[in-house]
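Notes follow once the structure below has been shown.
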Amino acid sequence: MESSFDDVSCLSPQNLGSSSPGKKQSKENTITINCVTFPHPDTMPEQQLLKPTEWSYCDYFWADKKDPQGNGTVAGFELLLQKQLKGKQMQKEMSEFIRERIKIEEEYAKNLAKLSQNSLAAQEEGSLGEAWAQVKKSLADEAEVHLKFSAKLHSEVERPLMNFRENFKKDMKKCDHHIADLRKQLSSRYAAVEKARKALTERQRDLEMKTQQLEIKLSNKTEEDIKKARRKSTQAGDDLMRCVDLYNQAQSKWFEEMVTTTLELERLEVERVEMIRQHLCQYTQLRHETDMFNQSTVEPVDQLLRKVDPAKDRELWVREHKTGNIRPVDMEI
């Protein structure tokens, strides 16, 4: 029985907008780009997005994109991987930024502590002298506040940012290789389809030529020769159908893995952004606490300044340093 190979003159691509790909489409309804079969733009059926309104990775990275740095193309999945690796680099740079912030805090605390030990105006007396001594002490207290701030920045912001997903690049490399291998297999299957299609065309042409020659008696080809040519043509058609089926299986596998993997990359990106947001919120919280603690270091200063009494200071100083309270009088003759 002859195979109806005329009905499989093209691939049977996946419906890339469906969660269960595999719908048969005729040649006029499809177009193959870089070994991936899509609906033809002139007869494109309406496709429902997998995750409507969400701008999901799994809906917008099926085609390849022209490489701006060369003449080739970049796979949509590769763009997603680059996005992930860039995110990891940004996370690392944020950690380095916080590290610089910590260094500034540590240096500032060191300078405040040093200044608090300065002896300038140490001989000021009275209530003003007490207030001045408290000003200097507040610097030491403030230095301690900034040291604690820097320590918390390190443990609660910088280190978590630096250590988040330590093996991320290795994991992304494995992911890249997995999808790339599936894409290579798809390319190989497509090449086999084209080879089988070419073979079928040649067998059909040979059968047609022998049939015409027999009809017009230009050849001594027997009916047996015609049957042999017909069997070869039928076999070529069967081979094409088998190659198309293997291609569709490979594309279906690639499709499923693309959906699964892009959704995972989407989840990882959401997780990364949320993690950074939380730790930056922790930074601002620590900053607010530092301001509050700094304020508490000057409160004793404010209290003593409100108690500064020039008259009282004068009284205390006079009592301690007076030389006599008998005033001079006029000389008598």
Side-chain angles (χ1 to χ4, degrees), residues 55 57 78-122 130-177 261-305:
W55 291 95
Y57 288 169
E78 186 65 28
L79 292 177
L80 292 176
L81 281 181
Q82 292 174 6
K83 164 70 172 171
Q84 294 290 317
L85 294 176
K86 180 181 178 181
K88 175 64 175 176
Q89 179 62 27
M90 295 303 97
Q91 167 195 324
K92 178 183 176 183
E93 292 181 13
M94 289 180 188
S95 178
E96 292 172 352
F97 181 90
I98 298 298
R99 174 69 258 182
E100 292 302 311
R101 180 74 169 92
I102 291 171
K103 289 180 181 179
I104 292 172
E105 287 296 321
E106 291 174 341
E107 187 65 22
Y108 182 52
K110 178 181 176 181
N111 289 334
L112 283 177
K114 181 179 179 181
L115 184 58
S116 71
Q117 301 299 318
N118 192 288
S119 61
L120 290 174
E130 292 178 10
W132 175 247
Q134 188 60 46
V135 167
K136 294 167 68 176
K137 182 180 182 302
S138 71
L139 295 186
D141 295 339
E142 187 178 352
E144 185 65 25
V145 168
H146 284 278
L147 278 178
K148 290 180 179 179
F149 176 50
S150 66
K152 286 188 175 183
L153 278 183
H154 173 66
S155 63
E156 299 179 22
V157 182
E158 180 214 359
R159 190 164 58 191
L161 285 175
M162 181 61 73
N163 295 339
F164 185 64
R165 295 177 183 163
E166 292 181 283
N167 299 320
F168 188 68
K169 288 186 177 181
K170 185 183 296 183
D171 293 340
M172 288 298 100
K173 195 171 184 179
K174 290 180 182 178
C175 188
D176 186 19
H177 287 170
T261 309
T262 54
L263 287 177
E264 175 62 12
L265 294 183
E266 185 175 300
R267 184 192 68 79
L268 290 173
E269 177 63 6
V270 170
E271 185 179 72
R272 182 190 74 89
V273 171
E274 183 60 24
M275 181 278 298
I276 292 176
R277 186 193 70 83
Q278 289 177 357
H279 285 89
L280 292 183
C281 285
Q282 181 63 13
Y283 166 80
T284 60
Q285 178 62 31
L286 292 173
R287 188 70 181 82
H288 289 316
E289 290 177 1
T290 299
D291 289 341
M292 181 180 67
F293 291 140
N294 280 336
Q295 182 63 33
S296 68
T297 65
V298 297
E299 288 176 358
V301 178
D302 288 335
Q303 294 174 3
L304 287 176
L305 286 175

Flag for Q278-E274: side-chain donor and acceptor within less than 3.5 Å =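 Looking only at side-chain atoms, Q278 and E274 do form a donor-acceptor pair, the distance falling under 3.5 Å.
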request  = Assess the side chains of E93 and Q89: does a donor N or O sit below 3.5 Å from an acceptor N or O?
outcome  =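 Side-chain D/A pair, E93 to Q89: present.
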inquiry  = By the ring-ring contact (aromatic ring centres under 6.0 Å, His included) test, which pairs, at least two apart or in different chains, include something from residues 131-163?
reply    =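 Passing the test, one end in residues 131-163: Y108-H146.
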With a 4.5 Å cut-off on side-chain heavy atoms, are [Y] and [X] touching?
{"X": "V298", "Y": "N294", "result": "no"}
{"X": "Y57", "Y": "L263", "result": "no"}
{"X": "E96", "Y": "E100", "result": "no"}
{"X": "L153", "Y": "E158", "result": "no"}
{"X": "L286", "Y": "E289", "result": "yes"}
{"X": "F168", "Y": "Q84", "result": "yes"}

ask   = Checking Q282 side chain against E156 main chain: does a donor-acceptor pair fall under 3.5 Å?
value =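 Here the side-chain-to-backbone pair does not exist.
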request  = Give a yes or no on whether the backbone of N118 and the side-chain of K136 come within a donor-acceptor separation of less than 3.5 Å.
outcome  =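 Present.
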Indicate yes or no: does [X] engage [Y] in a salt bridge with an N to O separation below 4.0 Å.
{"X": "K103", "Y": "E107", "result": "no"}
{"X": "E269", "Y": "R272", "result": "yes"}
{"X": "E106", "Y": "K110", "result": "no"}

task = Might you point out which heavy atoms bring L139 and S116 nearest each other, and give the distance in Å?
result =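 Between these two residues, the closest heavy atoms are CB-CB, 3.8 Å.
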ask   = Is the number of heavy atoms from other residues, nucleotides or ligands under 6.0 Å of K88 NZ greater than 12?
value =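 Counting neighbours around NZ of K88, more than 12 heavy atoms of other residues, nucleotides or ligands fall under 6.0 Å, so yes.
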